[in-house]
Amino acid sequence: MHVSEEMDMCACLHSHLKSTSVYQLATMNTSDANNTPQCYSLKSPPFNYTRPISSAYFSTIFSTLGITSNLIAFIVLVKSFRRMRNRSRSFFLIFLAGLVVTDFMGLLVTGSIVVSFHFTRFNWRQVDPNCHFCNFMGMSMVFYGLCPLLLSATMAMERFCGINRPFARSTNTSKSRTVYMVLMVWLAAGCIALLPLIGIGSYHIQAPGSWCFFNISSKGSDMVFSLLFSFVGLTSIVVSFLLNTVSVVTLIKVCCGQDRTQRSRDHEVEMMVQLILIMIIASISWCPLLIYILVCMKTSEVPDANVVLFGIRMATCNQILDPWIYIMFQVSPLRSLLLKQCSPAILSGSGNCCCTSALPPATRFSTHGFTSCSGGQSLRESTPALTGPGAQS
C-alpha cells in the first residue's frame, strides 16, 4: 500500500517537474523573442553579402567624391560671399552655404559608417546590441535626406518673393533672418527624424547590412511615417517647381519687357539658373524612392531591398551633383559669358540685347535702344546719350 502511494507521488512529481521545465523553456523562448532589439526584429545580421548590391568600391567612391565636391563648393561660396555686394545675392549664398554644409555632413556621417562596415564587416548585434547606433544612422538618413529638399523649397520661396515682391522683401529680410530660416529648416527635418524614437515609425537595419533606415511598411505607425516622409519630400519638389516656374516667367517679362533698363537682373538670372538646376537634380534623384514608397503603401507589398537600395543611391547623387552647380555657375564666369554675347550686338549696332549689368543705374549706357553690359571706355566713346540719374551730374 505504501509502495503504491510512493510510486504515485513520484509519478506526480515527475509530471509536475516535466510540465514546469516545458513552461520555463517556453517562457525563456518568449522572453528572448521579446528582448530582441527592435532594429533587428525584422532583419537580423549577418546577411548574405552578394555583389554588386554590397560593393565597398561603390560606397567609397561616392562618399569620397561627394565630400570632396562639397568641401570645394563651400570654399568657393565663402570667397564669393566675402566679395559680394549685392544684397539679394548674399541672402541666396547663405542658403547655398546651408545646403552645402548639409550635404557635406550627410555624406561624412552616413558614408563613414557604410564604408567602415564594408571593409571591416563588423557584427551589428555585437557592436550595437541596443540599437542606439542603428537609430542614429536612421535619423541621419532621414534628416540629411529631407534637408536638401526642404532647403530647395525655401530657396524657391525666397526667390519668388525677391522677384515678385522686391520692395516688401528688401525691407523685411536681413542676413540674420536668412540664417534663422536655414536653422528652422534643420529643426523641422530633425523633428521628423526623431518621430520613430517616440513610436511613430521605427528604424531597422537594411540589406546588405551596412545601413539603417525606417521600416517601409503599410501597417501601423510604420505606414504613417512612410507616408509622412514621402509626402514631405514630394511636396517640397512640387512647391519648388511651381514657385520657380512663376519666378522664371516673371523674370522673362521684366528682363525683356519695356522696363528692362530699370532694374539690374543679371544676378537674379544667375540665381534662377542655379535654383532650377538644383530642383531638376533633386527631382531626378529623389522621385524614384519617394514614389516607390507611395506605391508600396497603396499596394501593401513588401518593398524589394534592391529597389530601395537603388533609390537611396540615386538620392545620394543629389548630394554629389549639387556642389558642382555652385562651383560652375559663379558670378564672374557667367558675367564674362554675358559680356561676350552682348558686346558684339552693341558694337555692331543691330539686334536687341536683353541683359543688364550689375552696375548702378548711373553707369548704364544705352545706344540705339540697347542696354549695354559694360561700362568700358570704348562704349563710352560710341555712346550718344547717357541715361539714368547720372546724366544730369
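Position 1 is the first residue of the sequence, and the numbers go up from there. Keep in mind that this is a model prediction, so the values were computed, not measured.
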Chi angles and distances behind the side-chain contact (heavy atoms from CB on, under 4.5 Å) call for F160, V246: CA-CA 7 Å; F160 174 83; V246 175; 3.4 Å; yes
If two hydrophobic side chains count as joined below 4.5 Å and joins carry through other members, does [X] share a cluster with [Y]?
X	Y	result
L183	F95	yes
L187	F143	no
I113	V115	no
V78	L99	yes
L227	L194	yes

Would you confirm whether [X], through its side chain, and [Y], through its main-chain N or O, come within 3.5 Å as a donor-acceptor pair?
X	Y	answer
S112	V109	yes
N130	H132	no
T235	V232	no

After noting the C-alpha distance and the side-chain angles of C131 and C39, does the key distance pass the disulfide bond (SG atoms under 2.5 Å apart) rule? CA-CA 6 Å; C131 290; C39 62; 1.8 Å; yes
Here's a test for you: under side-chain contact (heavy atoms from CB on, under 4.5 Å), which of [options] qualifies with [X]?
X	options	value
S202	N215, L197, N135	N215
S236	L146, T154, L150, L151	L150
S230	L289, I216, L290	L290

Any non-hydrogen side-chain atom of [X] less than 4.5 Å from a side-chain atom of [Y]?
X	Y	result
F62	I320	yes
I94	M181	no
Y203	M141	no
I281	I325	yes
Y40	D128	yes
S140	F136	yes
L243	R159	no
P148	D103	yes

After noting the C-alpha distance and the side-chain angles of I278 and L96, does the key distance pass the side-chain contact (heavy atoms from CB on, under 4.5 Å) rule? CA-CA 10 Å; I278 292 173; L96 289 182; 3.9 Å; yes
side-chain contact (heavy atoms from CB on, under 4.5 Å), that's the test. Do L195 and F214 meet it? Break it down for me. CA-CA 10 Å; L195 290 179; F214 66 87; over 6 Å; no
Is the CE atom of M157 crowded by more than 12 outside heavy atoms at less than 6.0 Å?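 At most 12 heavy atoms, drawn from other residues, nucleotides or ligands, come within 6.0 Å of this atom.
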Nearest-0.5 Å distance, [atom1] of residue [X] to [atom2] of residue [Y]:
X	Y	atom1	atom2	result
C212	Q206	SG	CD	7.5 Å
F92	L275	CZ	CG	5.0 Å
M155	M279	CE	CE	12.0 Å

Please check if the distance between the ring centroids of F74 and F104 is under 6.0 Å.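 Ring-ring flag for F74/F104: false, centres at least 6.0 Å apart.
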Kindly assign one of parallel, tilted or perpendicular to the pair F229 and F213, based on the angle between their ring planes and the thresholds 30° and 60°.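 It falls in the perpendicular class, over 60°.
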Angle class for the F133/F122 ring planes (parallel below 30°, perpendicular above 60°, tilted otherwise)?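 The arrangement is tilted - the two ring planes meet at 30° to 60°.
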Start with the C-alpha gap between H118 and T60, add the side-chain angles, then the distance that decides, and say whether side-chain contact (heavy atoms from CB on, under 4.5 Å) holds. CA-CA 9 Å; H118 280 301; T60 304; over 6 Å; no
Tell me the closest heavy-atom pair linking S240 and A156, and the distance in Å.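 Result for this residue pair: CA-CB, 3.9 Å.
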For residues W324 and S69, is any side-chain donor paired with an opposing acceptor at under 3.5 Å?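 Note: W324 and S69 side chains meet the donor-acceptor criterion.
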